[in-house]
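Just so we're clear, the structure is a prediction, and the values are computed from it rather than from any experiment.
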Amino acid sequence: MLYIARDLPAGLAPLAEGFVVRHAKPPRLDGPGGPATPCVAIVDVGNDAARITEALAVCDRSFPLVRRIVVADAARMDAAGAEDIGGHGVDYLAAAPADPWELAAVVRGFWRVGVLERVRRAAEQAAAGEPCMIGTHSAMKTVFSNIRQFAQTDAPVLVTGESGTGKELAARAIHERSAVASGPFVAINCAGIPADLVASELFGYEKGAFTGALGRKIGRIESAAGGTLFLDEIGDFPLALQAHLLRFLQEGTIERLGGVGNIRVRARIITGTHVDLEAAVAAGRFRQDLFFRINVLRLHLPPLRERGDDVALIARYFIDRLKAEHGRPSARLATDAVAALAAHPWPGNVRELISAVRRGLTLCRNGRITAADLGLAGGLPPDDRVATLEAARAEAEKHAIGIAMRHAGNRPAVAAELLGVSRGTLYSLFRKHCITASRSGGAAAQHEPECP
């Protein structure tokens, strides 16, 4: 709890019981100790609307998602001052002088609402059978610990990892444990929006802003107000629009296309990418100031091939979830399937694993899912020339891409779907292994020249 006042009032005991109270003297929040992210901020600086607005503005910058209680005598404020205060999202206005018992009840009410919303969301997720993050590997235990820790602060989080490792699930897990769990969770795939529509989709537009704008459209960013905005594949965000995104992240305001005023949006910001952003900054494809803004807390998700026994654990989890849908109530993994799961490099990570499980449930007989049912039988023939794990993985990726391209009639979009990866990831693998799609050959062709 953050109490912004010149001096702490007498009789604070009922209010402070069970909470850590951090006292901050306006206009700066420089009080000693206390929670990194308070659940409630109480502004008690008298009846001067300008001073109250100044304290609330500091909250906007430091703790934009905190619940705000203002202690003031509303009858002694002019209409303009009261309107300014209202523009900063006051959750409760308590009459001055403050009654500590009243404030204690309100603070506990706000705290309970946050807890109940998280419980409700978890129950709904379990009832709906939504996918969740599971794993026992040490790397995943670190991920789970970081998710719980990061959820307690409002700082931006950058989730990194290969395509298919569960970046959106991690972002949602942070949201559901945060102070804004009751608000919306809005996920945007920055690579999936056509470049000419990015501005209108993210920032919205006013009627008549351009030909075909027949009415006002609320953008995806504005729709995340009061919740969490997850910008997935931020590394593919158009360079020309990165300045607009940076302005929103810095100031918390947006402007609709064709609009004349700024709109304040209070939302938790989480970004995700499979791109090496440091390399993208060095190559001039990503703004350095934007990178610094989003790279405050970093959560790295390990690839599936580095998670040991988690591969079979996740496979069994999805078998249990999907076996009724496929009419295989007694489906289970055969011994050779478990070995094949451990040996496969999984370039498409969990997405590829889910595709393999669906294939196995469709093809299995007598409820026994074999390596052949999963599409993993045989694998690569042993070769003494492969000296490192990285070389083996590269060979497996090229082999899988070649098979997928042949089955897809040399159509990259279809091949990406078969592999369980995004089209952008497939093209990245093409460049990595110097592969091009040759329509005349009907399969991916490999080149010897140096890759870019």
Do [X] and [Y] touch side chain to side chain, with heavy atoms closer than 4.5 Å?
X: I174; Y: T228; result: no
X: L245; Y: R287; result: no
X: R332; Y: I319; result: no

Note to self: Just to verify, what does Q149 make a side-chain hydrogen bond (donor to acceptor under 3.5 Å, both in side chains) with, not counting sequence neighbours?
What the structure shows: none

Item checked: Any residue meeting side-chain hydrogen bond (donor to acceptor under 3.5 Å, both in side chains) with D336, in chain and number order, not counting sequence neighbours -> none

Indicate the atoms forming the closest heavy-atom contact of [X] with [Y], along with that distance.
X: A224; Y: L229; value: CB-CB, 4.0 Å
X: V43; Y: A55; value: CG1-CB, 3.8 Å
X: R307; Y: I314; value: NH2-CD1, 3.5 Å
X: A155; Y: R268; value: O-NH2, 3.1 Å
X: R256; Y: I263; value: CZ-CD1, 3.4 Å
X: K167; Y: T160; value: CD-C, 4.1 Å

Note to self: Test: ring-ring contact (aromatic ring centres under 6.0 Å, His included). Region: residues 182-201. Which pairs qualify, not counting sequence neighbours?
What the structure shows: H175-F185

Next item on the list: Would you indicate whether R368, at its atom CZ, is surrounded by more than 12 heavy atoms from other residues, nucleotides or ligands within a distance under 6.0 Å?
Entry: no

Item checked: Atom CG of D309: over 12 foreign heavy atoms under 6.0 Å -> no

What donor-acceptor contacts under 3.5 angstrom involve side-chain atoms of residues 342-353, with partners at least two apart or in another chain?
{"unit_1": "H344", "atom_1": "NE2", "unit_2": "E352", "atom_2": "OE2", "d": "2.8"}
{"unit_1": "W346", "atom_1": "NE1", "unit_2": "L341", "atom_2": "O", "d": "2.9"}
{"unit_1": "W346", "atom_1": "NE1", "unit_2": "H344", "atom_2": "O", "d": "3.4"}
{"unit_1": "N349", "atom_1": "OD1", "unit_2": "L304", "atom_2": "N", "d": "2.8"}
{"unit_1": "N349", "atom_1": "ND2", "unit_2": "E162", "atom_2": "OE1", "d": "3.1"}
{"unit_1": "N349", "atom_1": "ND2", "unit_2": "S163", "atom_2": "O", "d": "3.0"}
{"unit_1": "R351", "atom_1": "NH1", "unit_2": "S163", "atom_2": "OG", "d": "2.8"}
{"unit_1": "E352", "atom_1": "OE1", "unit_2": "G348", "atom_2": "N", "d": "2.8"}

Checklist line | Results of side chain to side chain contact (heavy atoms under 4.5 Å, CB included) for L257 - residues two or more places apart only | finding: A199, S200, Y205, A209, F210

Checklist line | Under the side chain to side chain contact (heavy atoms under 4.5 Å, CB included) test, residues paired with D236 that sit two or more places apart | finding: A191, E233, H274, V275

